[in-house]
Amino acid sequence: MKPQLSIFFILFSIFSIGQTKVKDTITRRAVIGFIQNGNAVNFKPETPPLIPIAGAPKPSYSYLWELGDGHYSKEAEPKHVYKKKGTYTTRLAVTNNYDNGKPPATRPKKVAVNDITDTSYKDIASIADQNGFAILKNCDPIPEQEMVVVVSYQNLENYVSSGKLYLFYNEKQFKHNNFELSDFRTYADEREIKENLTASVNDLDDSNNYLASAENSFKLKKYRNTATEEDLDASLLEAHKIYHNVSVLEFDNADPGETRNVFYTFKTTPEMIKDTSATVTMRGIFVPNRSYKNHKIKNLEMEIVTSHDPNKMGSNGRFMNYRLVRFKRVNFKTRFQNNGEGPARKIRLETDIPDMFDKKTFQIESMYPECPICPKGEEPTVSCLDTIIKQKQIIFTFKNIYLPGTEQKNVKEKDSTKGFVKYSMKFGEDFHKVKTKSRTSIIFDKNEPIITNYATTRFLPGISIGVKAGYNFYPDLDKSTSYFVGATLSPFKSYRFYWQVEWTNALNQYNRAVTVTDQLNTNANGTRQLVRTTTSTENKNINWEVPVLIRYNLNNYIGIGAGIQANINVSQEQNQNIKVDTYEGDKESFLINSSTTSNQTKTSFADFKTGLLFDLTAGFARIGPSLGARYVINFEQNFNYFQVYGIWKF
């Protein structure tokens, strides 16, 4: 038996080890490699194998190289010429597109330049076409992963200038912070400073452009990329109103035409919003000269993702305030990337449009490749964007364009293979407070369609306060009167199901049935006498009702509900009158004596009752005035009653 047991334990151990190995805990890594000739360096990464996703396009890597002297590159294998001798720390951020694993981690690598053998050094490229200020990212954010943001600024003045650079992040509209700034790297002696700016701005301009989010219901400027703003204080106040955090850098002695880059590494937080249709932003403010208020503003928009998929749809209507969106525009953005081996000449985007949006208000905000709108009724011969509006779709078609493919020969810049359409719409006349979902089918030339994620819009619950007044009917009580006033609390203008909490204060008065008892007594003379005792009781109380209901709006005018209710008499007073009549004989023929006594008792917070209720309203069910009827069934005793009331919800 012992050899058999030994073999059994050996097999069991091997099996257990095999099972443990299935759990891959090894971090994927990419290694920076390079070939150096003096000050000329050819970089080449060593990356782990990609893991294809079933049904997705071919996976690929995209790169952001930080070359250690302020330059960067998005090429897979960049060549760089360093201007001066020295030791440079290079970094690489690798993004895995359509890959089923995590992005490969990298470690910085030193490059020692001891000889200047190549004089073909080039300064950092001009960004004059972006008004001297640009912000880019290496990827969209995924919770608990790193991303790199590059802020580029250029001195467009004809003199040496010293200024400031602001980068705002973590929007206040989200419950938790989405980013942690783990590191930033400068290459022109920029230095970090602290500024305390605490103020509040309610209205900074009269623009009709708004954020769709609820907390940011104040007006928001729509900054143009070519505009130079002049009111720096207002811009900073507004940014502090929107964002929790800011990094502030000062720079000195920027030469005319000089471009500089600053690199920020952000770690997305575990609490980061998980909504893959949500859009988050960062905002940069560039002050070219600290002596003046002139400045430039750039917003960096990013969609939350679960994997790095360049074909994606997003919306800024993640959580909207239903009271405030009637005349506001909701933005949608569809991104795409040509992953083919050749250029795309025609790209068709078939986008779902929820019924609650008014397609008559549709307008295109921006696009890439940039091109004019196609002329109607004729076949275009130049590049243009055609839009066809159908009942449930809007079809965008880029015609006669040239969008390179990621696998195309000699294509080194992956950004040149990407495009997008950004458009906006208003809500229709009678739109309900419901969540919407829409997605896009992307077709490159005659290839199979690529289906994006769902872009969703949602409304915050909001709060509706109502006032209520009415009358209670108690069928088991004599001469009862019961008037009440109260308040209700419920979500604002809910579509179908919703909860409602109420509080009412009722003034009640009722009489219990009069009791009459007759008794024959014998007096001292032996004569029988009739003694009649009449008891009457009057009750007054102040009663609180606290119902909790689940309600359902059948349509805009009829609503039903059911729930539970607690009743308690906050103050109760009982007055009892006892009248004793004595007659001469045993008949009520001759009254010889009558006496009355009164008793009064008062109690507080007594007579607690619970029960069920059923409710019906007719009028304006979601908001405004309506009439209602309710039947309440108490658990403890037979004390059921009807209620009729009027209510107005605000």
Side-chain angles (χ1 to χ4, degrees), residues 18-33 43-65 74-78 92-106 137-148 268 272 274-277 302-314 334-344 347-350 403-420 439-455:
Q19 292 293 325
T20 304
K21 286 182 178 178
V22 172
K23 299 178 181 179
D24 183 12
T25 58
I26 299 175
T27 303
R28 301 170 77 192
R29 293 198 177 275
V31 179
I32 297 175
F43 291 94
K44 184 175 182 178
E46 297 176 13
T47 54
L50 289 157
I51 307 171
I53 299 173
K58 181 181 177 182
S60 63
Y61 285 122
S62 55
Y63 307 89
L64 178 64
W65 293 87
K74 289 189 171 184
E75 295 181 10
E77 300 178 7
L92 173 61
V94 182
T95 303
N96 51 333
N97 306 299
Y98 302 115
D99 176 71
N100 220 358
K102 291 186 176 181
T106 61
K137 63 188 185 304
N138 73 310
C139 63
D140 279 313
I142 291 181
E144 296 189 82
Q145 291 189 13
E146 283 191 347
M147 60 177 295
V148 179
T268 53
M272 184 179 204
K274 305 302 189 297
D275 186 350
T276 56
S277 69
M302 298 168 284
E303 288 85 16
I304 303 297
V305 295
T306 56
S307 63
H308 295 293
D309 183 352
N311 299 294
K312 191 177 185 301
M313 186 174 179
T334 299
R335 301 183 304 161
F336 51 86
Q337 182 175 37
N338 178 14
N339 290 297
E341 297 179 354
I347 302 175
R348 181 181 173 95
L349 312 175
E350 298 178 355
L403 188 71
T406 56
E407 302 300 315
Q408 186 175 330
K409 188 177 180 180
N410 295 326
V411 172
K412 297 181 179 180
E413 183 56 66
K414 288 292 182 73
D415 285 351
S416 66
T417 66
K418 298 178 181 179
F420 70 89
R439 60 181 180 177
T440 300
S441 176
I442 305 172
I443 305 168
F444 294 92
D445 293 322
K446 296 182 179 181
N447 294 300
E448 290 295 317
I450 298 171
I451 309 300
T452 70
N453 63 299
Y454 282 104

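Being a predicted model, the structure only gives us computed values, none of them experimental.
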For [X] versus [Y], what's the shortest heavy-atom pair and its separation?
X: Ser416; Y: Leu403; answer: O-CD1, 3.4 Å
X: Met147; Y: Pro141; answer: SD-CB, 3.8 Å
X: Ile347; Y: Leu349; answer: CG2-CD2, 4.0 Å
X: Pro49; Y: Arg28; answer: O-NH2, 3.0 Å
X: Asp445; Y: Ala344; answer: OD2-CA, 3.4 Å
X: Ala76; Y: Pro45; answer: O-CD, 3.2 Å

Pairs of donor and acceptor atoms involving the side chains of residues 404-411, under 3.5 Å and at least two apart or interchain, shall be tabulated with distances.
residue	atom	partner	partner atom	Å
Thr406	OG1	Asn339	OD1	3.4
Gln408	OE1	Gly405	N	3.0
Gln408	NE2	Tyr402	OH	2.8

Can you tell me how far [atom2] of [Y] sits from [atom1] of [X], rounded to the nearest 0.5 angstrom?
X: Leu64; Y: Cys139; atom1: CG; atom2: SG; result: 9.5 Å
X: Thr452; Y: Asn311; atom1: OG1; atom2: CG; result: 8.5 Å
X: Thr95; Y: Asn138; atom1: OG1; atom2: CG; result: 4.5 Å
X: Gln337; Y: Phe420; atom1: CD; atom2: CZ; result: 14.0 Å

Item to complete: Would you sort out whether Lys418 and Arg335 count as a side-chain contact (heavy atoms from CB on, under 4.5 Å), showing the intermediate values?
Response: CA-CA 7 Å; Lys418 298 178 181 179; Arg335 301 183 304 161; over 6 Å; no
Fill in: Exceeds 12 heavy-atom contacts within 6.0 angstrom, atom CD of Glu75
yes
Listed by chain and number, what are the side chain to side chain donor-acceptor pair (under 3.5 Å) partners of [X], not counting sequence neighbours?
X: Glu350; result: Arg348
X: Ser62; result: Asn97
X: Tyr63; result: none
X: Lys44; result: none

Heavy-atom side-chain proximity of [X] to [Y] below 4.5 angstrom:
X: Asp140; Y: Ile142; result: no
X: Arg29; Y: Pro104; result: no
X: Met313; Y: Asn453; result: yes

Side-chain donor or acceptor of [X] paired with backbone N/O of [Y] under 3.5 Å:
X: Thr106; Y: Leu92; value: yes
X: Asn338; Y: Gly340; value: yes
X: Asp99; Y: Pro59; value: no
X: Asn96; Y: Gly101; value: yes

Fill in: For Phe336, ring-ring contact (aromatic ring centres under 6.0 Å, His included) partners two or more places apart
Phe398
Item to complete: Determine, step by step, whether Glu144 and Met272 satisfy the side-chain contact (heavy atoms from CB on, under 4.5 Å) criterion, reporting the C-alpha distance in whole Å, the side-chain angles of both residues, the deciding distance to 0.1 Å, and the verdict.
Response: CA-CA 8 Å; Glu144 296 189 82; Met272 184 179 204; over 6 Å; no
Item to complete: List in chain and number order the residues that pass salt bridge (Lys or Arg N to Asp or Glu O under 4.0 Å) with Lys102, two or more places apart in sequence or in another chain; answer none if no residue qualifies.
Response: none
Discussion item. Could you walk me through whether Tyr61 and Leu50 satisfy the side-chain contact (heavy atoms from CB on, under 4.5 Å) test, starting with their C-alpha distance in whole Å, then the side-chain angles of each, then the deciding distance to 0.1 Å, before giving a yes or no?
Written reply: CA-CA 8 Å; Tyr61 285 122; Leu50 289 157; 3.4 Å; yes
Worksheet item: Looking only at side chains, do Thr268 and Gln145 share a donor and an acceptor under 3.5 Å apart?
Response: no
Item to complete: With sequence neighbours left out, write down each residue that passes side-chain contact (heavy atoms from CB on, under 4.5 Å) with Glu46, or none if nothing qualifies.
Response: Val31
